[in-house]
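Reviewing the structure listed below.
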Amino acid sequence: MERFPENELKKLLDELGKRPPITIITHFNPDGDAIGSSMALKLYLEKLGFSVDCLFPSPFPPYYNWIPRVAEAKVYTEKDKQSFETYFSADRLIFCLDFNHPSRVNQLSEFLTNSKAKKILIDHHEEPSSNFDMCFSYPGSSSTCELIYDFMMRYDTSALDKDIASCLYTGLLTDTGGFQFSSTHPSTLHMAANLMEKGINATEIYNLAFNNFSLNRLKLFGHCISNNMKIVEDKKLAYMWIDRRTKTKFDIQDGDTEGLVNYPMKVLDIEVSVLFKQDYDKIRISFRSKNDVDVNKIARQYFNGGGHINAAGGMSKQSLDETLAYFESLIPTIF
Ligand code: 5GP
Ligand code: MN
């Protein structure tokens, strides 16, 4: 599908032509693509003279501290709730990046939904909701970073510098799992090459994004794979869980469980991997699959979530045991 078709792009450029103050917002628990696309767009629009505020609904993992000027992003906290309302005033233009539904910005969803400002969605998740004034949604794309790059190429190519390229490369790399997923298209690799030509250090970004474990995090992964994993061989399924006690035992930090769900996929015959993580008030669930097993559908239908065909997330308000029992009861029908 052609991205940013001429007539739609023109509407966006007309809005930018009014030189509004800009808000950029992304999903809670922001990952490499959410942080990378948001910071890239912030740096880029600031270079073009705009005033830009970038909001994260929850903290980002400390291993993304190196992202250029990420400290300038405003991280939501309950006690500053009211001060965040100003970023949703009617005179603003709000870019919504890397999410498809207002509920994905958690506590800020009320401000976002009620805002009279124009809201621009740029995203690659399936089935975006209708809360946005302009919708640039391309689910087959590798990453929101690839879409932001496309936008930059159509708007003003000269502002793309090394820092912006580093932000974009981070999301491109992480959302494709290091260019392994089927969302990696020729356009993805052309873009990677162009970013390298801007002088980014691709090896260093790979190490910062993927080879950044604390020893505890490595031990947590080993523990879960050894003790908290079940295999359903005839369904080519693996599922794992992390309970609160395990979290405490390994002193795990925000983002430390990121990536664990991918490990069972290293077994050739495993096609689906599911991870259940016990939070203080809910269970968060991550789904991964190979080939045409559609985990977006499963997350959406049974676990209040969504995402992509091969990577999705959801949640449950029941206890960990109840959630696992419910999931086990679904196995015969959904896989
Ligand atoms: P993860 O398992 O890494 O948290 O999420 C996998 C993918 O599914 C990501 O692209 C993420 O944005 C999306 N995702 C995760 N949780 C949810 C959810 O609750 N709702 C929706 N719509 N997408 C989700
Ligand atoms: Mn993404």
Side-chain angles (χ1 to χ4, degrees), residues 24-41 56-58 60-61 64 95-106 109 121-132 136-150 167-177 181-184 188 191 209-210 239-242 254-265 272-277 279 282-289 293-317 323:
I24 298 171
I25 185 166
T26 189
H27 60 80
F28 74 100
N29 290 343
D31 56 11
D33 191 32
I35 302 165
S37 59
S38 299
M39 289 309 299
L41 187 60
F56 294 153
S58 68
F60 57 88
Y64 285 121
F95 282 91
C96 300
L97 304 188
D98 201 38
F99 67 92
N100 56 359
H101 192 277
S103 63
R104 297 281 293 145
V105 304
N106 256 19
S109 63
L121 179 77
I122 303 182
D123 179 47
H124 67 136
H125 294 89
E126 304 281 335
E127 302 171 69
S129 72
S130 57
N131 305 65
F132 307 96
F136 299 99
S137 167
Y138 305 107
S141 307
S142 66
S143 56
T144 302
C145 279
E146 187 171 335
L147 303 176
I148 293 294
Y149 173 80
D150 278 1
C167 294
L168 291 175
Y169 191 77
T170 302
L172 194 67
L173 186 71
T174 53
D175 258 29
T176 56
F181 302 139
S182 60
S183 56
T184 306
T188 319
M191 170 180 163
F210 290 124
Y239 60 101
M240 255 191 277
W241 57 92
I242 305 177
D254 275 342
D256 274 357
T257 57
E258 193 74 31
L260 175 57
V261 66
N262 297 315
Y263 274 74
M265 305 296 274
V272 188
S273 169
V274 188
L275 174 65
F276 298 84
K277 295 168 277 189
D279 257 0
K282 60 179 168 311
I283 311 297
R284 286 217 50 85
I285 310 161
S286 285
F287 299 86
R288 296 292 183 274
S289 68
V293 181
D294 186 350
V295 287
N296 166 53
K297 222 189 234 168
I298 294 169
R300 205 167 256 276
Q301 197 168 342
Y302 299 101
F303 294 100
N304 252 310
H308 314 280
I309 290 168
N310 294 134
M315 59 90 109
S316 158
K317 284 282 187 188
T323 307

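Indexing begins at 1, ligand by ligand and atom by atom, following the structure's order. Start at 1 with the first residue, then count along the sequence.
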N/O/S atom of Asp123 inside 2.8 Å of the Mn ion (ligand 2), strictly under:
no
State the atom name: nearest N, O or S atom of Asp33 to the Mn ion (ligand 2).
OD2
Using only atom types and a distance under 3.5 Å, with no angle test, would you say the side chain of Ser38 pairs donor to acceptor with the backbone of Ile35?
no
Please find out if less than 6.0 Å separates the ring center of His308 from that of His124.
yes
Out of Arg284, Lys277, Glu126, Glu258, whose heavy atom sits nearest atom 16 (N) of ligand 1?
Arg284
Using a 4.0 Å heavy-atom cut-off, say whether Asn100 meets ligand 1 through its side chain, its backbone, both or neither.
side chain
Could you list the atoms of ligand 1 found under 4.0 angstrom from a heavy atom of His308?
10 (O)
Among all protein non-hydrogen atoms, which one is nearest to atom 17 (C) of ligand 1, and what is the separation to 0.1 Å?
Arg104 NH1, 3.3 Å
May I have the step-by-step check of side-chain hydrogen bond (donor to acceptor under 3.5 Å, both in side chains) for Ser142 and Asp175, ending in yes or no?
CA-CA 7 Å; Ser142 66; Asp175 258 29; over 6 Å; no
Whether the side chain of Ser58 engages the backbone of Phe28 through a donor-acceptor N/O pair (distance < 3.5 Å, no angle test) should be reported.
no
Any N, O or S atom of His125 closer than 2.8 Å to the Mn ion (ligand 2):
no
Kindly say whether the aromatic ring centers of Phe60 and Phe56 come within a distance under 6.0 Å.
yes
Can you tell me if an N/O/S atom from Asp31 lies under 2.8 Å from the Mn ion (ligand 2)?
no
Taking distance alone, with N or O pairs closer than 3.5 Å, would you say His27 contacts ligand 1?
no
Checking Ser37 against Thr144 for the side-chain hydrogen bond (donor to acceptor under 3.5 Å, both in side chains) test, could you report, in this order, the C-alpha distance in whole Å, the side-chain angles of both residues, the deciding distance, and whether it holds?
CA-CA 6 Å; Ser37 59; Thr144 302; 5.0 Å; no
Looking only at protein heavy atoms, what sits closest to atom 8 (O) of ligand 1 is Ala312 CA, 3.3 Å
Under a 4.0 angstrom heavy-atom cut-off, which atoms of ligand 1 come close to Gly306?
8 (O), 13 (C), 14 (N), 17 (C), 18 (C), 20 (N), 21 (C), 22 (N), 23 (N), 24 (C)
Between Glu127 and Arg300, does any NZ, NE, NH1 or NH2 come within less than 4.0 Å of an OD or OE carboxylate oxygen?
yes
May I ask you to decide if the ring planes of Phe287 and Phe303 are parallel, tilted or perpendicular, using 30° and 60° as cut-offs?
tilted
Rounded distance [0.5 Å steps], OG in Ser103 versus NE2 in His27:
12.0 Å
Opening angle between NE2 in His124 and OD2 in Asp175, taken at the Mn ion (ligand 2), to 10 degrees
90°
Return the residue, atom name and 0.1 Å-rounded distance of the protein heavy atom closest to atom 7 (C) of ligand 1.
Ala311 O, 3.6 Å
Under 3.5 Å, is there a donor-acceptor pair between the side chain of Asn310 and the main chain of Arg288?
no
With only distance considered, is Arg288 within less than 3.5 Å of ligand 1 through an N or O on each side?
yes
Does His125, backbone or side chain, put an N or O under 3.5 Å from an N or O of ligand 1?
yes
Using a 3.5 Å distance criterion without hydrogens, assess whether the side chain of Asp98 forms a donor-acceptor pair with backbone atoms of Asp123.
no
Tell me, which N, O or S atom in Asp98 is closest to the Mn ion (ligand 2)?
OD1
Using a 4.0 Å cut-off to any heavy atom of Ser286, which atoms of ligand 1 qualify?
1 (P), 2 (O), 4 (O)
